[in-house]
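Following: one structure in structure tokens, then a few remarks.
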Amino acid sequence: MSSSRTDVDAIVVGAGFGGLNMLHELRKLDMTVTVFEAGGGVGGTWYWNRYPGARCDSESVYYMFSDRFSSQILDEWTWSERFAGHAEIRDYLDFVADKMDLRRDIRFNTRVSAAVYDEENNRWEVTTDDGATTTARYFVTAVGCISTTNLPPWPGLENFAGDWYHTGAWPHEPVDFTGKRVAVIGTGATAVQAIPEIAQQAAHLYVFQRTPNYDIPARNHPIGPDYVQKVKSTYPELWERARQSAFGLPYQVAEGSALDATPEERERVFQAAWDKGGFYIGLETYSDFLVNKESNDTISEFMRARIRELVHDPATAELLAPSDHPFFTKRPPLESNYYVTFNRDNVTLVDVRSTPIEEITESGVRTGGGSYGVDAIVFATGFDTMTGTLFRMGIKGRNGVSLEHKWADGPRTYLGLATHGFPNMFMITGPQSPSVLSNMPVAIEQNAEFIAGVIGHARSEGGDFVEATREAEDRWVAHHNELADGTLLLGTNSWWVGANIPGKVRTLYPYVGGVGGHRKICQDVSEAGYEGFTVGASSTAAS
Ligand code: NA7
């Protein structure tokens with residue numbers, strides 16, 4: 001392996017939380033970095049997801065960079081709501097980018113179309129849609145887990161006379177549905193946020209549901225200075241708890257099975273968490289929902305009972321009450337006025353489980369059960385998550401092997417952050433890392449610090465080449481699969497297991513061992529001299 005010069009030391013793809021954090025960490029190593037970002041600004045998922053009601057389901061005071069990134073920013077930024085809306089999160093990331101002077105290294109409106117490892121020169125050649133090729137020693141993807149939209153290939157969309165939108169690529173100008181008949185297809189976390197908002201404008205809203213979810217009340221509200229001050233004063237402890245926790249949130253971890261409580265005690269515990277709103281009901285009540293079906297049945301039934309209380313029409317309530325999967329084996333949406341929206345006269349729930357969508361027509365949506373005339377269609381049909389964006393980037397490692405080919409039977413990673421055969425490449429929140437099963441900024445912070453740690457280690461050894469070994473990768477995949485097999489998650493059709501995309505490999509994509517567990521393993525790896533990584537040096541530096 002010889003080595004030639006490169007345009008920059010590292011290329012990072014994406015300028016959301018992950019890319020900004022990675023850029024910051026690489027700068028600390030005195031590296032030159034170019035970040036390519038397809039969007040016109042920072043924000044990642046929040047740049048694209050501007051649909052009505054789009055907001056974060058992690059509490060805003062924990063959905064941010066911690067003191068490890070910048071204690072000044074942590075101190076200066078103040079959120080206005082318990083769960084921040086998309087515009088406020090963009091404002092925050094703009095604030096971060098300006099404060100840290102990050103924009104000078106970011107090339108906006110530039111999409112990566114190919115990234116090829118050149119073994120001869122030990123460098124990555126990254127081609128962008130402006131036709132340019134940029135070379136770098138290191139290549140880091142920070143492309144988000146939920147960034148490539150999924151539009152099911154229903155025939156006829158080209159004939160539709162009205163306007164249509166995908167929630168994940170929403171226009172930057174507000175869309176006015178006033179007086180219009182609107183179809184929303186999908187009832188995932190996105191649709192659950194958008195539907196109550198659109199229903200207030202639309203003349204009539206048809207909601208096309210294939211699978212109901214267990215939607216948890218968000219109980220969003222403005223937060224005042226006293227609360228913010230209290231949180232800020234305890235941040236050091238809260239961040240430490242979040243870093244050691246399973247889900248990247250500083251909640252009190254539940255212990256014990258729901259089956260060990262009396263029915264009355266369970267009801268009281270569930271009700272208190274339901275009233276509190278947010279993910280507490282899944283995380284702070286009992287600990288075995290994901291591994292014990294019988295325990296899960298207790299909370300699933302509690303949730304169904306709440307839905308039946310909220311929705312007046314019994315037939316609609318029954319359609320909205322999930323019975324095909326246990327609670328939290330699919331991402332539970334947080335809802336604000338979602339269920340009660342179905343009590344409005346201008347909202348109709350259409351069951352496309354029993355009568356699937358067959359065609360988009362000139363005038364609307366045709367299912368096996370009938371035709372629905374609409375003026376606008378909102379596709380809230382999700383994403384090709386976790387691997388979709390990585391595969392579309394045209395990544396090729398050693399010997400020209402594509403990532404898609406290497407992962408044809410499912411992702412194979414070391415720690416969810418690197419993959420054998422792709423030297424000097426790292427993934428922020430890659431498959432088989434905690435990623436989407438966590439409060440993302442906390443997972444991202446660890447990922448970025450660890451990746452910088454590996455690169456820093458290689459450099460301190462005089463190296464400029466680092467690769468996960470096949471043995472280390474095999475061990476991680478076996479460990480990942482063993483944990484996944486011990487849960488109920490693989491039994492439910494969800495995007496967590498790739499079930500939303502026809503033909504996609506069914507495997508648990510995120511790592512279920514928790515943010516704290518993953519962090520501990522990574523720490524052990526680093527303390528053992530970055531065990532599982534081969535470090536080397538290019539033989540000569542050509543000019
Ligand atoms: P999701 O959670 O993947 O939801 C997509 C929705 O679209 C879901 O209700 C799907 O039903 C529905 N869908 C997808 N394809 C079809 C077809 N062919 N027919 C009928 N219905 C369909 O995406 P979101 O954008 O809501 O949320 C993604 C994540 O972003 C979320 O989990 C948070 O982590 C943030 P299905 O359930 O597959 O039957």
Side-chain angles (χ1 to χ4, degrees), residues 16-17 44-46 48-58 63 83 86 89 144-155 157 165-170 183-195 206-216 218 247-248 278-279 282 319-320 322-325 328-335 338 349-360 365-369 372 377-386 388-389 429 434-440 443 489 492-504 506 509-510:
F17 273 92
T45 199
W46 303 106
W48 302 101
N49 284 271
R50 299 171 186 232
Y51 59 85
R55 66 177 62 250
C56 188
D57 284 349
S58 283
Y63 191 77
F83 296 101
H86 60 99
I89 301 172
C145 301
I146 312 175
S147 43
T148 292
T149 55
N150 168 43
L151 187 60
W154 290 298
L157 182 56
Y165 312 88
H166 193 291
T167 51
W170 199 260
V184 172
I185 303 179
T187 51
T190 294
V192 165
Q193 292 182 336
I195 283 165
Y206 297 95
V207 176
F208 294 79
Q209 173 188 272
R210 184 165 68 181
T211 315
N213 283 303
Y214 298 92
D215 304 341
I216 305 168
F247 297 96
F279 291 125
L319 274 178
L320 287 168
S323 56
D324 72 326
H325 67 278
F328 233 121
T329 56
K330 195 171 178 178
R331 164 69 148 74
L334 296 195
E335 63 96 17
Y338 176 71
L349 183 64
V350 181
D351 174 22
V352 295
R353 162 81 57 204
S354 55
T355 54
I357 294 170
E358 292 180 347
E359 189 189 5
I360 307 297
V365 181
R366 188 168 64 74
T367 74
Y372 300 84
I377 303 176
V378 175
F379 294 96
T381 42
F383 299 83
D384 184 355
T385 60
M386 308 295 291
T389 309
T429 64
S435 62
V436 294
L437 292 182
S438 75
N439 174 37
M440 293 289 255
L489 299 181
T492 292
N493 289 329
S494 75
W495 64 258
W496 286 346
V497 300
N500 63 325
I501 304 293
K504 189 163 172 172
R506 190 176 185 114
Y509 285 81

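Because the structure is a prediction, the values reported are computed rather than measured. When a ligand or atom number is given, it counts from 1 through the structure's own listing order.
- Residues satisfying the ring pair (Phe, Tyr, Trp, His ring centres under 6.0 Å) criterion with Y206, sequence neighbours excluded, are H204, Y372.
- For ligand 1, the 4.0 Å heavy-atom shell takes in I146, P152, W154, G186, T187, G188, A189, T190, R210, T211, K330, R331, A380, T381, G382, F383, W495, ordered by chain and residue number.
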Taking only distance into account, with no hydrogens and no angle test, what donor-acceptor pairs under 3.5 Å do side-chain atoms of residues 50-58 form with protein atoms, sequence neighbours excluded?
| from | atom 1 | to | atom 2 | distance (Å) |
| --- | --- | --- | --- | --- |
| R50 | NE | Y47 | O | 2.6 |
| R50 | NH2 | Y47 | O | 3.3 |
| Y51 | OH | Q193 | OE1 | 2.6 |
| R55 | NH1 | E81 | OE1 | 3.2 |
| R55 | NH1 | E81 | OE2 | 3.4 |
| R55 | NH1 | F83 | O | 2.6 |
| D57 | OD1 | Q193 | NE2 | 3.3 |
| D57 | OD2 | R331 | NH1 | 3.0 |
| D57 | OD2 | R331 | NH2 | 3.2 |
| S58 | OG | N439 | OD1 | 2.9 |

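- With sequence neighbours excluded, no residue forms a side chain to side chain donor-acceptor pair (under 3.5 Å) with W495.
- Remark: the backbone N or O of T381 is paired with a side-chain donor or acceptor of N150 at under 3.5 angstrom.
- Under a 3.5 Å cut-off, the side chain of K504 and the backbone N or O of T385 do form a donor-acceptor pair.
- The backbone N or O of W496 lies less than 3.5 Å from a partner atom in the side chain of S494, making a donor-acceptor pair.
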